[in-house]
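A quick write-up on the structure given underneath.
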Number of protein chains: 2
Amino acid sequence: MDIKERIKKIKEKMKEKGISHYLVPTGDYHQSEYPGEYFKVRQWLSGFTGSNGDLLLSKEETALWTDGRYFIQAKKELSGNGISLYKMQMPGVPTLTQYLEDKAKKQGGILDLGFDGKVVSSHFVHHLADSFQKQGWKLNLHWKEDLSIGVWEDRPSLPKGHITVLPDSITGSSYKEKVQFVRDKMKEKGCNAHFLGKLDDIMWLLNIRGTDVDCNPVALSYIYLTMEECHLFLDKEKLTKEGEQYLEQEKIHCHSYEEIYSFSIGKKEDNKILYEEETTNYCIYQRLLEWGSLVKGENPTTRQKAIKNEVELENLRRIHILDGVAYTKFLYWLKGQSHIEKITEQSAAAYLEKQRKKMEGFMDLSFPTISAYGPHAALMHYSATQDQPTELKAEGLYLVDSGGQYMGGTTDITRTIVLGELTEEEKLHYTAVLKGMLRLSRAKFLQGCTGRNLDILARGPVWDLSIDYQCGTGHGIGYMLNVHEGPQGIRWKPLMDGKEAVIEPGMVTSNEPGVYVEGSHGIRIENELICKKGDENQYGQFLYFETLTMAPIDLKGIQIEQLEKEEIEQLNKYHEEVFEKLSPYLTKEEKDWLAMETKKISIMNT
Amino acid sequence: MDIKERIKKIKEKMKEKGISHYLVPTGDYHQSEYPGEYFKVRQWLSGFTGSNGDLLLSKEETALWTDGRYFIQAKKELSGNGISLYKMQMPGVPTLTQYLEDKAKKQGGILDLGFDGKVVSSHFVHHLADSFQKQGWKLNLHWKEDLSIGVWEDRPSLPKGHITVLPDSITGSSYKEKVQFVRDKMKEKGCNAHFLGKLDDIMWLLNIRGTDVDCNPVALSYIYLTMEECHLFLDKEKLTKEGEQYLEQEKIHCHSYEEIYSFSIGKKEDNKILYEEETTNYCIYQRLLEWGSLVKGENPTTRQKAIKNEVELENLRRIHILDGVAYTKFLYWLKGQSHIEKITEQSAAAYLEKQRKKMEGFMDLSFPTISAYGPHAALMHYSATQDQPTELKAEGLYLVDSGGQYMGGTTDITRTIVLGELTEEEKLHYTAVLKGMLRLSRAKFLQGCTGRNLDILARGPVWDLSIDYQCGTGHGIGYMLNVHEGPQGIRWKPLMDGKEAVIEPGMVTSNEPGVYVEGSHGIRIENELICKKGDENQYGQFLYFETLTMAPIDLKGIQIEQLEKEEIEQLNKYHEEVFEKLSPYLTKEEKDWLAMETKKISIMNT
């Protein structure tokens, strides 16, 4: 059944049920960023494979919203399927909500909206409902059914990945400590219960990791926490004996995953339940209403998880060296090829993965490697497997964005590699990206800053060329968890929900400005940064960044005369550290090569 | 009658009327930043002369709240009058609202609060009332009377300053165009009437200027605008014949200033009135309730007034050259003194004012000149007149922050002048401030940025030294209007109300980073910037700044080796422009001197 056929079938079901608009967002039952295969209804129905997109079906139109990372890719993947592309945050393009409001307006202030209530957040529904109420319009919700059931015939089943319990030497903080922290926060908010549906928060709280989603070490689960009890909803067959013993010992009551919808608790009137609107799906929200009175608020785990403790930071420093060694061995191999044409984007990515697998504690990639040569790199989240094998050539730029899950942390690194001759434009762009990356890395700022205060440091040199990279500059990174993690981020525009987290000591954030020229080239240089405490005085607590990522930055792309003195010094110092930390793990040949790649530059040697 | 006597009389009146708490804020009937003499009830009643303070009288206590700028001064001025000082934002000090809540709590959840409803914003009252309502407490408001009437015997009368009607060559946009714009905005918000109480907005809309408040060319007035009519409440004796004719010709109905409280309009049920809570006083708010249903929202004039049109910008460029000429003549004179010790902060400020007065179109200062030598400059809002005359010396730094009102615009400029030997620390600080000022001036950014995105460009070099200037980097500036004007600003923290305006083409904003070291020195370098359109492409509309302020920056404070190549080029280019634009207005001697002061610098000549 092709895409058009699938859309047709769903639209038929819509008509049957009197649903004029049906929304298929990207998401699992937990509002995860990377849903497992079972949850990829939007991809199945639209053909669009990007990681972010909302599909809306109506009689008049099939429409997809996605963000700047995917404009080019979406255009390509949607072509021929009769799906309109709505480019998020571009001038004149309505948001999904505005679109629905326009429709309601045209229909005399009434709209029927269907969706699977398990994959849509209660936040989205309430936000939309509020907006309709303000206008005095009527919104009829049909939230009880996933219309793809019965149409999507070869749908994958729910994952049954095994679970690992982490030792204290890895977590740096026990479940008892963490759960006490959460209960203290519940108390502060006047609550005696807490629903937690965010998968990485659950893993962090319980000090366990799962294997239900590729690259994201999580297990499908929910937690209902009271002041005395912890109810975990997770399929027991995922647990080893050790895992079962651990839960027992910690007095965590384990129920099946689906039981969240039938579980019943007593004394409703006494329950004051803290829940996070954004990560609680609408079906569960409806359950919670039956369980007690609700208090909206952030999951206390989210901020606490983002602030890495000293044990986590030490492990991160260690595994980042290993990851840098693997990356450097890959670079050495690549740069040493006499016939680079025999290498494809795929084979290069495979070689890199092989190097990572040799490293102690390596478990998995942290996301599918982006191995993108030439114009492919202009697609920010290009996936090499989706096309014909592309061979590298001894010219232009090659971008590799990749990372690993290690016992001891998660990595995310991008380098753009010079394979041969570059145009002056490519060099100009490469230099601007490097300048931005360096400038943000050396930022010093007062506690209280959010990413919005800092973004222009990285983006400024790119803006100076009248270019923008249409995405954030940086994201938080999990610890043996999701490669994208909140609450902090570095971006210049506020998010839709207006929430902005302060950057705090212990947080790990990526720094990845870029330039993407459609049809030509893409450049991104990405290091991870730890936020650390600097001076404290009458003005407050000053903060700065320590760079975690250790791998050479290709000097051949740089127009040295465009760099300021301070930037040259900073780059030289970084390269000195890279050599010092990585060289003990390299062969003589690799070491000699790395010494060359990290040699000091100066205005003189241009 | 001394202060104690005045307080006693007011408290007697409170007792008579059953008012347990009586509030006297700083403010006129329009919530202006600088109230005129008539409105200085708080000063009359407390003896405290600072520009910010709330006085609260009760049976138990007389209490004054003020901010950090005034702690020392307030302590001195309040001493002996039995008034307690509440230091705003100091740990453990309740806010006025918290104080009132504590009182209510102690009194069993009930409080009587009196104030002159004409000088308190409806926003403040609603905020307090909401907070009481949430606690289930009762707040009895007595807002109809100014208790100082009859007690303050020699109270100045309301100002009767004359009014000027501006020609199109100055305004660039007629009243008809402006009022059409406002009516369009009213319509967009579903309103058919608008109350406007903000004085500078009224002046802008009507293309008139007043002389009721020192340095702020406004006239006390209100506007009630409908789709067909414009009712102006302004004392007619302020108008010249020409002014009267102008109003007549524009069909503006002129009522007396006080008539706003007796004016009556028909058909209440049809009126939907747009009003701004923050700048509408509580008495008028009560009137508006009788006139129709109310819609809260920003005055449409505020943003539009901030976006200067081409005629205004051309006039601004012209008068900034004149202002720069005056400033340069002042600098030439100052630097040429063989016996600088004979000059005081006051006499220097007077000399500068004399130079400005010689310029064509000069009308008034735009604020009282800050002329601050050595440690005095560490007080951001130092006023030279409040102390003994301070003589300058041939050493250290001297800060002059000043500006003029011209027929054709308002200026605001700060230079920090090197009078002789500097310490290395002073030079380091001076260079950091200059770097920040230059960096922000050369920013290029996408439309959509607020001041929060840009602030770190100016503040970063100061933060790099673990120092902060504890105020914003920049404020909007009126056009022949208030030197502080919204809605935009450049600061790193969001304001209390969370409002943040996007920086738009045509807005004029100051750029004034600084370093303030208590007891030692203060440095601020301030240029005004016009936001302009740069490239427009697939990424959006790029913006950049044009510098309006034309005056040399003292090169003697700079550690050239701390400047980056780009900064040196930028400073040289700026100085070249300063010389080119100012020299035609200077004598031969002044010109030769300015050529030296604006000479090109390079790393080589350190």
Side-chain angles (χ1 to χ4, degrees), chain A residues 68 71 87 89-91 135 435 439-440 442-470 491-494 498 500 502 515-518 534-544 561-568 603, chain B residues 68 190 432 435 439-440 442-470 473 490-494 498 500 502 515-518 533-544 561-569 603:
Chain A
F71 291 166
K87 295 180 178 182
Q89 295 206 310
M90 292 308 282
Q135 308 275 2
K435 280 170 86 85
R439 248 216 254 177
L440 176 58
R442 72 172 182 272
K444 191 164 170 180
F445 51 99
L446 270 175
Q447 185 145 15
C449 277
T450 70
R452 203 133 77 86
N453 293 112
L454 305 182
D455 185 86
I456 201 167
L457 296 177
R459 199 179 300 266
V462 175
W463 274 356
D464 283 344
L465 305 176
S466 295
I467 299 174
D468 185 38
Y469 46 95
Q470 292 163 306
R491 48 184 87 77
W492 73 276
K493 285 181 189 174
E500 258 183 279
V502 159
V515 166
Y516 307 95
V517 180
E518 197 178 339
D535 291 333
E536 190 177 7
N537 57 28
Q538 74 263 42
Y539 304 112
Q541 174 69 58
F542 282 91
L543 304 176
Y544 69 99
E561 68 281 9
Q562 296 287 338
L563 293 186
E564 295 288 353
K565 213 169 42 190
E566 201 175 352
E567 292 162 350
I568 291 176
I603 297 286
Chain B
K435 281 169 86 84
R439 249 216 253 176
L440 176 58
R442 71 172 184 273
K444 192 165 169 178
F445 51 99
L446 272 174
Q447 185 145 15
C449 278
T450 69
R452 205 132 76 86
N453 293 112
L454 306 181
D455 185 87
I456 201 168
L457 297 176
R459 199 180 300 267
V462 175
W463 275 356
D464 284 345
L465 305 176
S466 296
I467 298 174
D468 185 36
Y469 46 96
Q470 292 164 305
T473 295
I490 299 177
R491 48 183 87 78
W492 73 278
K493 285 182 189 172
E500 256 184 281
V502 160
V515 166
Y516 306 95
V517 180
E518 200 182 332
K533 282 188 182 184
D535 291 334
E536 188 175 8
N537 57 27
Q538 74 263 42
Y539 305 111
Q541 175 68 59
F542 283 91
L543 304 175
Y544 69 98
E561 68 280 7
Q562 297 287 335
L563 294 186
E564 296 288 354
K565 211 169 42 190
E566 203 176 352
E567 291 161 350
I568 290 176
E569 281 164 21
I603 296 287

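Quick note on labels: first sequence line is chain A, next is B, and so on, each numbered from 1.
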Part of B/Q447 within contact of chain A (heavy atom distance under 4.5 Å):
backbone

Check whether B/D455 gets within reach of chain A through its side chain, its backbone, both or neither, counting any heavy atom under 4.5 Å.
neither

What's the spacing between B/S466 OG and A/Q541 CD if we round to 0.5 Å?
9.5 Å

Mark yes when over 12 heavy atoms from residues, nucleotides or ligands other than B/Q538 sit less than 6.0 Å from its CD; otherwise mark no.
yes

Charged N to carboxylate O under 4.0 angstrom, B/E566 versus B/R439?
no

Taking all heavy atoms of A/Y539 and all of B/Y516, pick out the closest pair and write down the distance.
OH-O, 3.6 Å

Which heavy atom in A/L457 sits nearest to a heavy atom in A/A443, and how many Å separate them?
CD1-CB, 3.6 Å

For B/R459, which atoms come within 4.5 Å of any heavy atom of chain A: side chain, backbone, both, or neither?
neither

Shortest non-hydrogen contact between A/E564 and B/K565, atoms and distance
OE1-N, 3.0 Å

For chain A, which of B/T450, B/D468, B/I456 has the most heavy-atom pairs under 4.5 Å?
B/D468

Go through the atoms of B/L563 and report whether side chain, backbone, both or neither lie under 4.5 Å from a heavy atom of chain A.
backbone

Is A/Q470 in contact with chain B via its backbone, its side chain, both, or neither, using a 4.5 Å heavy-atom distance?
side chain

Let me know if B/F542 has heavy atoms under 4.5 Å from chain A in its side chain, its backbone, both or neither.
side chain

